[in-house]
Amino acid sequence: MCMGIGGWIYKKQEDETTVIFSYGTFDWNRPEHYNDEKICDGIIRILKKEIPDSDTRITDMLNFGTMEFKNCSNCWKITNDIQIDVMLVRLLAKLFRCYDAEKQFPDKISYLV
């Protein structure tokens, strides 16, 4: 059964050193978070020089400044520790799984729970 929450990531720009994505989320259980317009105004910036291979990759990259983010306007819940959109954490996990498999960043991904 689908919980009705999810999001999208779209690659906006990539060069030898940096990749920039936009992202948006939705929650079909709460009308104020439907996001029928698919607004993707959250930002993810990743420096490609150091992408660690660990279970703590997202936290490590944020702590060492190799990844920056801006939560999207449709964010409804953030983590207590690093104040990141909980849906962005799930989207980033999927993004990095794709990166690990292909050794390149995908142009887009989506996530639905």
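Applying the ring-ring contact (aromatic ring centres under 6.0 Å, His included) rule to pairs touching residues 82-104 yields Tyr99-Phe105, sequence neighbours excluded. Applying the salt bridge (Lys or Arg N to Asp or Glu O under 4.0 Å) test to pairs two or more places apart or on separate chains, those with a residue in residues 56-71 are Arg45-Glu68, Asp53-Arg57, Arg57-Asp100. Sorted by first and then second residue, the pairs that involve residues 61-89 and meet ring-ring contact (aromatic ring centres under 6.0 Å, His included), not counting sequence neighbours, are His33-Trp76.
The aromatic ring centres of Tyr10 and Trp8 sit 6.0 Å or more apart.
Panel note: side chain Asn74, backbone Gly42; no donor-acceptor pair is recorded below 3.5 Å.
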For residues 12-22, tabulate all N or O donor-acceptor pairs below 3.5 Å that involve a side-chain atom, not counting sequence neighbours.
| from | atom 1 | to | atom 2 | distance (Å) |
| --- | --- | --- | --- | --- |
| Glu14 | OE1 | Lys11 | NZ | 2.7 |
| Glu14 | OE2 | Lys48 | NZ | 2.9 |
| Asp15 | OD1 | Thr17 | N | 2.8 |
| Asp15 | OD1 | Thr17 | OG1 | 3.1 |
| Asp15 | OD1 | Thr18 | N | 2.8 |

With a 3.5 Å cut-off and sequence neighbours excluded, list the donor-acceptor pairs that the side chains of residues 85-94 form with protein atoms.
| from | atom 1 | to | atom 2 | distance (Å) |
| --- | --- | --- | --- | --- |
| Asp85 | OD1 | Met87 | N | 2.9 |
| Asp85 | OD2 | Tyr23 | OH | 2.9 |
| Lys94 | NZ | Ser110 | O | 2.6 |

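Thr25 approaches Cys75 most closely through the heavy-atom pair OG1-N, 4.3 Å. Residue Trp28 comes nearest to Leu112 through the heavy atom pair CZ3-CD1, 4.0 Å, listed as atom of the first residue, atom of the second, then distance.
No side-chain heavy atom of Leu95 sits under 4.5 Å from any side-chain heavy atom of Cys98. Thr66 has its side chain out of reach of Ile46: every pair of non-hydrogen atoms, C-beta onward, lies at least 4.5 Å apart.
Following chains of ILVMFWY side-chain contacts shorter than 4.5 Å, one cannot reach Leu47 starting from Ile58, and the two form parts of different hydrophobic clusters. Linking ILVMFWY residues whenever their side-chain heavy atoms come closer than 4.5 Å, directly or via other members, leaves Ile43 and Ile51 in distinct clusters. Cluster membership check: Ile109 shares its hydrophobic cluster with Ile84, using side-chain heavy-atom separations under 4.5 Å among Ile, Leu, Val, Met, Phe, Trp and Tyr.
Distance OG1/Thr59 to CE/Met67: 8.0 Å, rounded to 0.5 Å. Rounding to the nearest 0.5 Å places CZ of Arg30 at 10.5 Å from CD1 of Ile5.
In the displayed structure, Glu102 atom CD is contacted under 6.0 Å by at most 12 heavy atoms of other residues, nucleotides or ligands.
Contacts of Ile39 classified as side-chain contact (heavy atoms from CB on, under 4.5 Å), with partners at least two apart in sequence or in another chain: Asn35, Glu37, Asp41, Ser73.
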